[in-house]
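Take a look at the structure below.
Residues: numbered from 1 along the sequence shown. For ligands, and for the atoms within them, numbers begin at 1 and follow the listed sequence. Note that this is a predicted model, so its numbers are computed, not measured.
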Amino acid sequence: MHVLSTRRYPGPAFDELGDVEVFPLAAIETPRPDIEGLIVANEHVPLDLLPSLRVVANFSVGYDRIDIEACAARGVIVTNTPGVLDNATADLAFALILATRRRVVEGDRLVRKGEWGASWAEGWIAEELSGSTLGIVGLGRIGSAVARRARGFELEVIYAQRHRIDTDLGEYRELDELLAEADIVSIHVPLSPETVRLIDARRLGLLRDGACFVNTARGEIVDQDALVAELVSGRIRGGLDVFVNEPSVPGQLLDLPNVVLTPHLGSATRQTREAMTRLAVDNVLAVERGDLPLTPVLPSRA
Ligand code: DGY
């Protein structure tokens, strides 16, 4: 099977693809009937230019930029990389929780500018993690990994999602209740038509004064303009790994002391990225052999 990969994905598994060319999708201008397999990183797939396509292996758990229904209608299998990035993403969420709650980046900037100044007894007071309430929006695989980490930090965990589940990882709350109660809110729902702007201006207004709002899921789940307004007002603190229209970041955030910004690093560990490549390649090879893919995205779930 001739495979087009939009980049050389990390790790040794990539070399197991025999017949592969590395090429950005945007560079395809005329139909390419020779291409049967595609590896992308949550990118729009130009189905009209790929008439022989059999499989799209998405190097990402999120597939919000891939038209799953259109692929299904054409008989194209789509796969993603669930499971292998839960720990890495949960670690990053926790890094942002710690950094925002304990003012780590603010302190770092001050030290570098030679503005340490305030005496250690009075300066840079923050709020402790232990005893605080962490509100997890979406207790799926990644949200659950965050909840498990929260135990070690002695946080009280509450969660909101479409359906209450039988779990000892946290107590269920309606979303509005969770937002009003939590000291720290961390977003872990996938982006879908139902979750676009799930956290809108009204819901952001429910957050407690001083709350930390952490997003490692997708920027579009939050009304970004309303979030920026809350952060600029200084009423809440933010740890943001994802944005609407990445890689652009709202300019108003860049100088705010109460915000920690990272460039969509959730899955960016060597181990996880290599495991994502392994899974994407295994999905392509399975389809090539005529086997079922390991981690298909089913149109009914899209
Ligand atoms: C994912 O896998 O969805 C990560 O956010 C990378 O896009």
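- Counting only residues at least two apart or on different chains, the ring pair (Phe, Tyr, Trp, His ring centres under 6.0 Å) pairs with a member in residues 157-189 are Y159-Y172.
- Looking at R65 and Y63, their side chains never bring a donor and an acceptor atom within 3.5 Å of each other.
- For D19, the salt bridge (Lys or Arg N to Asp or Glu O under 4.0 Å) test picks out no residue, with sequence neighbours left out.
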Are any protein N/O atoms closer than 3.5 Å to the N/O atoms of ligand 1? If there are, list each pair with names and the distance to one decimal place.
residue	atom	partner	partner atom	Å
ligand 1	2 (O)	S60	OG	3.1
ligand 1	2 (O)	V61	N	2.7
ligand 1	3 (O)	S60	OG	3.0
ligand 1	3 (O)	G62	N	2.9
ligand 1	3 (O)	R218	NH2	2.9
ligand 1	5 (O)	R218	NH1	2.8
ligand 1	5 (O)	H264	NE2	2.8
ligand 1	7 (O)	S60	OG	3.2
ligand 1	7 (O)	R218	NH2	3.4
ligand 1	7 (O)	H264	NE2	3.4

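- No side-chain N or O of R278 forms a donor-acceptor pair with one of N283 less than 3.5 Å apart.
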Given the rule in the side-chain hydrogen bond (donor to acceptor under 3.5 Å, both in side chains) test, do S132 and R101 qualify, once you have shown the distances and angles that lead to the verdict? CA-CA 10 Å; S132 300; R101 192 78 171 158; 2.8 Å; yes
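- The salt bridge (Lys or Arg N to Asp or Glu O under 4.0 Å) check on R202 picks up D176, with sequence neighbours excluded.
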